[in-house]
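Working notes for the structure below.
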Number of protein chains: 2
Amino acid sequence: MNSLEILKTEHELLAKYAKAISHPIRVYILYFLAKQACCFSGDLDKILPIARSTLSQHLKELKKAGLIKGNIEYPKIRYCLNTDNWEEAKKLFENFFGK
Amino acid sequence: MNSLEILKTEHELLAKYAKAISHPIRVYILYFLAKQACCFSGDLDKILPIARSTLSQHLKELKKAGLIKGNIEYPKIRYCLNTDNWEEAKKLFENFFGK
DNA sequence: AATATGTTTCGTAATTTTGCGAAATACGAA
DNA sequence: TTCGTATTTCGCAAAATTACGAAACATATT
């Protein structure tokens, strides 16, 4: 893989993370998790003015992007930041904007 | 405006900037401008594997989000970062990820 | 086995995004 | 005034996103 391809991959990765952050609801969820460590979907459902199914979809998006993960604790699911990828995203954005 | 509303606005602003960055082509354009100061649409057209009209649309998106601006220098248009908003976005992301 | 709980998946609809080629635009140069 | 250049806007189509309510799921409890 040459440097141009690495560059391309990095751009695509940054775009992927940016896309995950590109909706106010998802920004809020990430903000909430970054502050409070972890929470259950129901905690967010109480706060956010959207249907549960819609919330679930946003959580799915964030999971797909790798920014959060969910651990089952029946009958609930505990959502947390995926700290490794969170740090990766942080570094990509830092680099992008110029440290 | 209370603190919750300010928070909401900040989340929406961050989401808006993230959306602008959420496409690889736009990431590349911003990266290019951040490195090289300014350039013409034609410079990008030579590099990027998309139609001119599509490139134009992406530039429009970035302008709409406030991250770039274009100065007419007939028959070309010189595109530059909108540094004020670029700095604002940088700070929002820094805050978001935790400084 | 039946029920209750927290959450996701399904089906659907409306809107937005992405992309292209063709045509339009704006202006300087011939 | 006509021509050339750089870029945008238009018209369209395909795909993705966002949203909802209803139904399905997985499991602990009764």
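All heavy atoms count here, side chains included; hydrogens, waters and symmetry mates do not.
Put simply, the side chain of B/K19 never gets that close to the backbone of A/K19: no donor and acceptor are under 3.5 Å apart.
The distance between atom OH of B/Y74 and atom P of D/dG4, rounded to the nearest whole Å, is 19 Å. Per the geometry, CD1 belonging to A/I50 stands 12 Å off P belonging to C/dT8, to the nearest Å. Between B/R52 atom CZ and C/dG21 atom P there is a gap of 11 Å when expressed in whole angstrom units. The distance between atom CD of B/E12 and atom P of D/dT18, rounded to the nearest whole Å, is 14 Å. For the pair A/L48 CG and D/dA19 C1', the computed distance is 14 Å after rounding to whole Å. Here the P atom of nucleotide D/dC20 and the CG atom of A/D45 are 11 Å apart, to the nearest Å. Atom NZ in B/K46 sits roughly 13 Å away from atom P in D/dT5 (whole-Å rounding). Taking atom CG of residue B/L44 and atom P of nucleotide D/dA6, one finds them 14 Å apart after rounding to whole Å.
Residue A/H23 has its side chain nearest to D/dA19 when only D/dC20, D/dA19, D/dC10 are considered. Of the candidates D/dT9, D/dA22, D/dT8, the closest approach to any side-chain atom of A/S53 belongs to D/dA22.
Each of A/I29, A/L33, A/I50 was checked for a side chain to side chain contact (heavy atoms under 4.5 Å, CB included) with A/L44, and the lone residue meeting it is A/I29.
Cluster membership for B/I77 and B/F40, using ILVMFWY side-chain heavy atoms within less than 4.5 angstrom, is not shared.
Using bins of under 30°, 30° to 60° and over 60° for the plane-to-plane angle, the ring pair B/Y28/B/Y31 lands in the tilted bin.
To the nearest 0.5 angstrom, A/F97 atom CZ is 12.0 Å from B/K91 atom NZ. Distance check: A/Y17 OH to B/F93 CZ gives 14.0 Å after rounding to the nearest 0.5 Å.
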Anything under 3.5 Å between a donor and an acceptor, one on a side chain of residues 51-75 of chain A, the other on a protein residue two or more places apart or in another chain? List them.
{"from": "A/R52", "atom 1": "NE", "to": "A/D45", "atom 2": "OD2", "distance (Å)": "2.7"}
{"from": "A/R52", "atom 1": "NH2", "to": "A/D45", "atom 2": "OD2", "distance (Å)": "3.4"}
{"from": "A/H58", "atom 1": "ND1", "to": "A/R26", "atom 2": "NH1", "distance (Å)": "3.0"}
{"from": "A/E73", "atom 1": "OE1", "to": "A/R78", "atom 2": "NH2", "distance (Å)": "3.4"}
{"from": "A/E73", "atom 1": "OE2", "to": "A/R78", "atom 2": "NE", "distance (Å)": "2.8"}

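Within residues 54-72 of chain A, the residues that have a heavy atom under 4.0 Å from DNA chain D are, in order of number, A/T54, A/Q57, A/H58.
Between the base of C/dG6 and the side chain of A/S41 there is no donor-acceptor pair shorter than 3.5 Å.
Contact annotation: B/K19 side-chain N/O to D/dT17 OP1/OP2 distance is not under 4.0 Å. Listed pair B/R26 / C/dT18 meets the phosphate criterion, a side-chain N or O lying under 4.0 Å from OP1 or OP2.
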